[in-house]
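The structure appears below as structure tokens.
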Amino acid sequence: MAYKKTEHYDEDVTAALMKNYHEALQALGENPDREGLVKTPERMAKAMQFLTQGYQLDAKAIIQSARFKEDVSEMIIVKDIELYSMCEHHMLPFFGKAHIAYIPNGWITGLSKVARVVDVFSRRLQVQERLTTQILEAIKDSLNPLGVAVVIEAKHLCMMMRGVQKQNSVTTTSAFDGEFLHNHTTRNEFLKLIGSKLG
Ligand SMILES: Nc1nc2c(ncn2[C@@H]2O[C@H](COP(=O)(O)OP(=O)(O)OP(=O)(O)O)[C@@H](O)[C@H]2O)c(=O)[nH]1
Ligand SMILES: [Zn+2]
């Protein structure tokens, strides 16, 4: 039986990208028609659509699809959420971990939805700073919590494989709102619980 993949890709987008990647391979001095590369433009077209699928997704709708009324006022932390994104300057990956906390104000959301929101914004062309604030804003707007905190630690391949070629530098970005912005004890408790040295 033939192996059938189930992912959906837009045919027009795939065709347009394939044409461009075929030309790009030629421009790089490769022969796009040699055996190993025959399917490469199509693979690249599909990979890029997968890696930018976040544009089609609505973070608020995802959070609100599992929003529950709950009388909890303690900090909820989902930490070590792995993320893979692409820097908009070089279209090379940056990858690492997101740590997210919020203090509910009558509403909580499914824990997986917090991780899904990370994918919504990381599967786009990004800068790490904007990725951090977009996650924060989506949670803030959907749950109206007493506070939200987002910390992202990531390594950028554009700084490792090329350019400045620094293999060990990690970029940390953060965004705080509400209680996490105004109350240092709350912020420090979060930073301590995620094991951050920022506190
Ligand atoms: N602030 C920010 N900068 C980023 C991010 N990802 C990549 N960059 C930087 O974007 C900058 C683009 O700088 P340019 O001088 O235009 O590009 P470049 O000549 O390729 O720069 P080098 O990487 O230094 O060789 C570089 O300094 C990258 O390190 C990000 O998420 N946030
Ligand atoms: Zn880059």
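Here the structure is a predicted model, which means the values were calculated and not measured. Note that ligands are numbered from 1 as they come in the structure, with each ligand's atoms numbered from 1 the same way.
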With no hydrogens and no angle check, is any side-chain donor or acceptor of Asn20 less than 3.5 Å from a backbone partner on Ala16?
yes
Among the clusters formed by ILVMFWY side chains lying less than 4.5 Å apart, do Met48 and Val13 turn up in the same one?
yes
I'd like the atom name of the N/O/S atom in His90 lying closest to the Zn ion (ligand 2).
ND1
What atoms of ligand 1 come within less than 4.0 Å of a heavy atom belonging to Gly163?
25 (O)
Counting from 1, what ligand 1 atoms have a heavy atom of Gln128 closer than 4.0 Å?
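Going through ligand 1 atom by atom, the ones under 4.0 Å from Gln128 are 30 (C), 31 (O), 32 (N).
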Does the pair Arg187/Glu179 count as a salt bridge with the N-to-O cut at 4.0 Å?
no
Verify the distance criterion only: is there a donor paired with an acceptor across the side chains of Thr173 and Gln128 at less than 3.5 Å?
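There is such a pair between these side chains.
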Within the 3.5 Å criterion, strictly below it, is a donor on Thr14 or Gln49 matched to an acceptor on the partner's side chain?
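Per modelled atom types, Thr14 and Gln49 side chains form a pair under 3.5 Å.
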I want to know if ligand 1 touches Gln126 in the polar sense, i.e. an N/O pair below 3.5 angstrom.
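In this structure, Gln126 places no N or O atom under 3.5 Å from an N or O of ligand 1.
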Atom 23 (O) of ligand 1 has as its nearest protein heavy atom Arg162 NH1, 3.0 Å
Out of His89, Glu88, Glu129, who is nearest to atom 8 (N) of ligand 1 when you count heavy atoms only?
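Looking at heavy atoms only, the winner is His89.
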Out of His156, Met86, Lys166, Met159, indicate the one that has the non-hydrogen atom closest to atom 5 (C) of ligand 1.
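Comparing heavy atoms across His156, Met86, Lys166, Met159, the nearest one to atom 5 (C) of ligand 1 lies in His156.
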